[in-house]
Protein chains: 2
Amino acid sequence: MKENSLLSDLAAYLFSNSSDNGRTPSERELAEHFTVSRGQIREALAILEAMRIVERRAKSGIYLTTTEASVEAMALFARAGVPLDPILIYETVELRKIHEIKAAELACNRATEENYRRLRDILAASEAKLAGGEGLAREDRDFHLEIVRATKNSVFYRVCSVYYVMGEHRLPIYFADSARSRRSHEEHIRIYEALLARDGNLAQALMSAHLQGAESYWKGLIGGPATAAG
Amino acid sequence: MKENSLLSDLAAYLFSNSSDNGRTPSERELAEHFTVSRGQIREALAILEAMRIVERRAKSGIYLTTTEASVEAMALFARAGVPLDPILIYETVELRKIHEIKAAELACNRATEENYRRLRDILAASEAKLAGGEGLAREDRDFHLEIVRATKNSVFYRVCSVYYVMGEHRLPIYFADSARSRRSHEEHIRIYEALLARDGNLAQALMSAHLQGAESYWKGLIGGPATAAG
DNA sequence: TTCCCAAATCTGGTCATACCAAAAATGCGA
DNA sequence: TCGCATTTTTGGTATGACCAGATTTGGGAA
């Protein structure tokens, strides 16, 4: 990992060391605790503030935000190597299903030749990787995001990108299993064909079934929706 | 506006003043240009990097990122008072429909008494505001987000929050029209009743119709999907 | 003239220090 | 015990300096 560990360490520290009203230690104290300069602390705090994790009140102090932090914050932590709460992983998969099934439908109406070409390229690259016995983490991400891109809704794309930023560390593990990679790849092919036929219902159904695989995988790994629904 | 204008100004400046390879002026040059200290520039750059807008390469320079910036970045700019590209607004509305219609359905299965109570409180507050001739911007946000919260999927909530952060400046304008506020409020009541009856299909349909209003409003204001689909 | 490599320069990363003004904590006096 | 003035703390900001690797530059060799 090359990532910013101060950021996640700081966030963790703030959560553990804040008073009842959410007030955290001062910048100077934090700097001393982490043996870094105040500038470093301020840079990290600026990010945490942008992520709505803390609020900095001039001449008063730093306070934990009561509202929910952004998804970006989750992505940021995931990138920094902080293990994500299993419940959050499950919730993310549920949300991903909602997004990508709808994306598949929209893509059927809006995909251009350019999108189809890129999808073909990605499938070809996947084939090559499979032949070489390599994992499909990158290709999987590219395939799914290309479909979202085909919706021609850039905000949609931005939102969905986050999932893959979050899963950067986990995806390679998922695709380490070559049988799973092969099956996933074949499902991708069928989805591509449905998109090409512009069959919205079929594309939705195939995407739903495809993501069901990932959902089952994570459920099996973490305990399922009973926990998440609590 | 109290917000960080340096951040958006800086972002705009970086986009206008980067070379072919995406390299931007150095921190020292930026500091001089904006007549602030290097520390201020570094703080802003830290945020822009977290948002995947730029990449800072040690001892080399600052480079614009080629991939799509995060939704959070949009929210950040919106908060800073940067007018959002109309196309992005339209795309956001489309995405919001996808999210919230699904949220209404899920909420029918998962809403607890606590959620219902809060929804009632919000509706009561809306009523009071309407009687006083005030706008419903805050109550509208609270109502919609409470439904998302009722899905018991915190990631879902995080994602949807962004829309309202983005719309912080626009929503009050939308609700300045008292007739629109009144109609919106009545639709909220009907949605609440569907949720209470746990009628998923009805809730979806009502939410869809409700958001159609917002969609039409923005379409009328900016030109519609023809532009967005381009 | 062209090409390659060493030296000078530039760049982000980091730290220490200082000053401001307002908020927060303190303590004195009523 | 309470209220207010004083002291301390706190975030916001600026300046200056040093490091080490990346980049650029320029001169010498082919």
Side-chain angles (χ1 to χ4, degrees), chain A residues 1-11 13-66 69 76 79-81, chain B residues 1-11 13-66 69 76 79-81:
Chain A
M1 284 335 83
K2 53 158 181 116
E3 290 293 346
N4 191 346
S5 73
L6 173 61
L7 189 65
S8 45
D9 291 350
L10 177 61
Y13 187 76
L14 293 181
F15 280 113
S16 311
N17 298 74
S18 59
S19 51
D20 304 332
N21 58 345
R23 196 165 191 257
T24 77
S26 72
E27 293 182 351
R28 289 168 176 86
E29 288 177 81
L30 294 170
E32 190 176 11
H33 177 80
F34 288 100
T35 28
V36 294
S37 71
R38 230 185 112 196
Q40 293 302 301
I41 295 293
R42 280 190 63 78
E43 238 178 86
L45 285 175
I47 295 175
L48 293 179
E49 185 176 50
M51 299 289 189
R52 299 196 295 282
I53 293 172
V54 301
E55 180 189 348
R56 297 188 286 181
R57 296 186 204 148
K59 289 134 195 187
S60 163
I62 302 153
Y63 300 80
L64 290 180
T65 297
T66 52
L76 203 63
R79 285 184 107 174
Chain B
M1 284 340 82
K2 51 158 183 114
E3 291 294 346
N4 191 344
S5 73
L6 173 62
L7 189 65
S8 45
D9 290 349
L10 177 61
Y13 187 75
L14 293 182
F15 280 113
S16 312
N17 298 73
S18 59
S19 52
D20 304 331
N21 58 345
R23 196 167 192 256
T24 76
S26 72
E27 294 181 351
R28 289 168 176 86
E29 288 177 83
L30 294 171
E32 190 175 10
H33 177 79
F34 287 101
T35 26
V36 295
S37 72
R38 230 184 112 199
Q40 293 301 300
I41 296 292
R42 281 190 62 80
E43 240 179 84
L45 286 175
I47 296 175
L48 293 179
E49 184 177 50
M51 300 288 188
R52 299 196 294 281
I53 293 171
V54 301
E55 181 189 347
R56 297 188 287 181
R57 296 185 204 150
K59 289 133 194 191
S60 165
I62 302 153
Y63 300 79
L64 290 180
T65 297
T66 52
L76 203 62
R79 283 185 107 173

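Both backbone and side-chain heavy atoms feed into the values below; hydrogens, waters and symmetry mates do not. Each chain gets a letter, A, B and so on, in the order its sequence line appears, and its residues count up from 1. Bear in mind that the values here come from a model prediction, so they are computed numbers and not experimental data.
- Identified under the ring pair (Phe, Tyr, Trp, His ring centres under 6.0 Å) test for residues 35-65 of chain A, with sequence neighbours left out: none.
- Listed by chain and number, the residues in a side chain to side chain contact (heavy atoms under 4.5 Å, CB included) with A/Tyr13 are A/Asn17, A/Pro25, A/Leu30, A/His33, A/Phe34 (sequence neighbours excluded).
- Checked against salt bridge (Lys or Arg N to Asp or Glu O under 4.0 Å), B/Glu55 has the following partners two or more places apart in sequence or in another chain: B/Arg57.
- In the helix from C/dT1-D/dA30 to C/dA30-D/dT1, the rotation axis of the first five pairs and that of the last five pairs differ in direction by 0°, rounded to 10 degrees.
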Grab the N/O contacts between the protein and nucleotides 8-12 of chain D below 3.5 Å, and write none if there aren't any.
| unit_1 | atom_1 | unit_2 | atom_2 | d |
| --- | --- | --- | --- | --- |
| D/dG11 | OP2 | A/Glu27 | N | 3.0 |
| D/dG11 | O4' | A/Lys59 | N | 3.1 |
| D/dG11 | N7 | A/Arg28 | NH1 | 2.9 |
| D/dG11 | N7 | A/Arg38 | NH2 | 3.4 |
| D/dG11 | O6 | A/Arg28 | NH2 | 3.1 |
| D/dG12 | OP2 | A/Arg42 | NH1 | 2.8 |
| D/dG12 | OP2 | A/Arg42 | NH2 | 3.2 |
| D/dG12 | N7 | A/Arg38 | NH2 | 2.8 |
| D/dG12 | O6 | A/Arg38 | NH1 | 3.2 |

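- Qualifying side chain to side chain donor-acceptor pair (under 3.5 Å) partners for A/Asn21, counting only residues two or more places apart in sequence or in other chains: A/Ser19.
- With sequence neighbours excluded, the residues that form a salt bridge (Lys or Arg N to Asp or Glu O under 4.0 Å) with A/Arg38 are A/Glu27.
- One distance of note links CG of B/Leu64 with OG1 of B/Thr24; it measures 6.5 Å at 0.5 Å rounding.
- Shown here are the side chain to side chain donor-acceptor pair (under 3.5 Å) partners of B/Glu29, two or more places apart in sequence or in another chain: B/Ser26.
- With sequence neighbours left out, the salt bridge (Lys or Arg N to Asp or Glu O under 4.0 Å) criterion links A/Glu49 to A/Arg56.
- Residues satisfying the side chain to side chain contact (heavy atoms under 4.5 Å, CB included) test with B/Ser37, not counting sequence neighbours, are B/Gln40.
- Taking every nucleotide of DNA chain C with any atom under 4.0 Å from a non-hydrogen atom of chain B, the first and last of them, 5' to 3', are C/dT11 to C/dT14.
- Looking at residues two or more places apart in sequence or on another chain, you find a salt bridge (Lys or Arg N to Asp or Glu O under 4.0 Å) between A/Arg52 and B/Glu72.
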